[in-house]
Amino acid sequence: MTRVVFFAFRSEPMCFMHALLNALDLEEKGMWGEIVFEGEATRLIPEITRPDHFLNKLYLQVKSRGMIYGACLACATKMGVTEAIAEEDIQLLGDMSGHPSMATFIREDYRIITM
């Protein structure tokens, strides 16, 4: 099975929407997609978890399917959102000097896409 991980760095909701949509699209087509929040994208977590946010429905669909792999510990700390991430039960990743390692996914034959 083709497996893809989206490393989402950008904090623009319209950009991040494509990570959510593509993860769902992959699943619909018999593949697998997961998302890692990196960089400024970690700031989106407290925003998109609000029921009135336009990405909330997509976020909840992706989360309920287990497609949120985690969020960067160092970046979440810098952005001041570690508590919000913990409240969402999203794993904080820091196996590469406080940041998520792409090597973890490469070893498992994932395709990596940065957004």
Side-chain angles (χ1 to χ4, degrees):
M1 173 192 314
T2 300
R3 296 184 300 171
V4 176
V5 61
F6 298 97
F7 273 70
F9 287 88
R10 297 178 60 188
S11 63
E12 294 89 359
M14 292 299 290
C15 179
F16 185 73
M17 176 176 62
H18 293 89
L20 297 169
L21 289 170
N22 276 289
L24 292 168
D25 184 57
L26 285 168
E27 182 189 44
E28 289 173 12
K29 294 179 175 147
M31 295 174 263
W32 183 246
E34 293 181 82
I35 298 170
V36 173
F37 290 84
E38 261 281 15
E40 290 185 355
T42 58
R43 285 192 305 186
L44 287 174
I45 295 170
E47 294 177 28
I48 64 176
T49 59
R50 292 191 334 257
D52 63 334
H53 194 281
F54 77 97
L55 290 179
N56 181 260
K57 184 177 177 182
L58 280 175
Y59 164 73
L60 292 176
Q61 287 176 10
V62 167
K63 186 178 179 198
S64 71
R65 288 174 169 86
M67 297 173 161
I68 304 292
Y69 187 86
C72 177
L73 172 61
C75 295
T77 301
K78 180 72 173 172
M79 298 294 152
V81 293
T82 54
E83 188 175 309
I85 292 171
E87 289 173 8
E88 282 296 301
D89 293 322
I90 295 173
Q91 180 179 321
L92 288 165
L93 310 167
D95 54 330
M96 184 188 68
S97 300
H99 301 272
S101 172
M102 290 184 184
T104 302
F105 297 96
I106 293 168
R107 282 190 198 109
E108 298 295 323
D109 294 322
Y110 276 78
R111 293 180 185 177
I112 297 173
I113 297 175
T114 59
M115 304 180 97

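Along the sequence shown, the residues carry numbers beginning at 1. Excluded from the calculations below are hydrogen atoms, water molecules and symmetry mates; all remaining heavy atoms, backbone and side chain alike, are included.
Here CE of Met115 is found 8.5 Å from CD1 of Ile35. Values are rounded to the nearest 0.5 Å. Of the inter-residue distances, the one linking Arg111 atom CZ with Ile106 atom CD1 reads 13.5 Å to the nearest 0.5 angstrom. To the nearest 0.5 Å, the span separating NZ on Lys57 from CD1 on Ile48 amounts to 15.5 Å. From Thr82, atom OG1 reaches atom CD1 of Ile90 across 12.0 Å, with rounding to the nearest 0.5 Å. To the nearest 0.5 angstrom, Asp25 atom CG is 11.5 Å from His18 atom NE2. Taken to the nearest 0.5 Å, the CD atom of Glu34 stands 6.0 Å off from the CZ atom of Phe105.
Residues Thr42 and Gly39 share a closest heavy-atom pair of OG1-O, 2.9 Å. Minimum heavy-atom separation, Pro13 to His53: CB-CE1, 4.3 Å. The minimum heavy-atom distance linking Leu44 with Ser11 is given by the pair CD2-O, 3.1 Å. Between Leu92 and Ala76, the closest heavy-atom pair is CD2-CB, 4.0 Å.
With sequence neighbours left out, Phe6 forms a ring-ring contact (aromatic ring centres under 6.0 Å, His included) with no residue at all.
By the neighbour-count criterion of 12 heavy atoms within 6.0 Å, atom NZ of Lys63 is densely surrounded, having more than that number from other residues, nucleotides or ligands.
Ile113 is not listed as a side-chain neighbour of Val5, based on a closest heavy-atom distance of 4.5 Å or more. A heavy-atom distance below 4.5 Å is found between the side chains of Gln61 and Leu24. Side-chain contact between Phe7 and Pro100 is present, with heavy atoms from C-beta onward closer than 4.5 Å. Here the side chains of Gln91 and Leu73 are not in contact, with every heavy-atom distance at 4.5 Å or above. Between His99 and Glu38 there is a side-chain heavy-atom pair separated by less than 4.5 Å. Looking at Glu108 and Arg3, their side chains come closer than 4.5 Å, going by heavy atoms from C-beta outward. Residues Met17 and Leu58 are in side-chain contact: their nearest non-hydrogen atoms beyond the backbone lie under 4.5 Å apart. For the pair Leu93/Cys72, no side-chain contact is recorded, criterion being any heavy-atom separation below 4.5 Å from C-beta on.
Residues Phe9 and Phe37 place their aromatic rings such that the two centres sit no closer than 6.0 Å.
Here salt bridge (Lys or Arg N to Asp or Glu O under 4.0 Å) pairs that include residues 43-53, with residues two or more places apart or in two chains, are Glu40-Arg43, Arg50-Asp52.
A donor and an acceptor atom, one from each side chain of Asp95 and Thr104, are located under 3.5 Å apart.
Residues Phe54 and Val62 share a single hydrophobic cluster, defined by chaining ILVMFWY side chains whose heavy atoms lie under 4.5 Å apart. By the rule that hydrophobic residues join a cluster once side-chain heavy atoms approach within less than 4.5 Å of another member, Met96 and Ile85 end up as members of separate clusters.
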Side chain to side chain contact (heavy atoms under 4.5 Å, CB included) between Val81 and Ile45: does it pass, once the steps are laid out? CA-CA 8 Å; Val81 293; Ile45 295 170; 5.9 Å; no
Going through the distances and angles, do Met67 and Trp32 end up as a side chain to side chain contact (heavy atoms under 4.5 Å, CB included)? CA-CA 8 Å; Met67 297 173 161; Trp32 183 246; 3.6 Å; yes
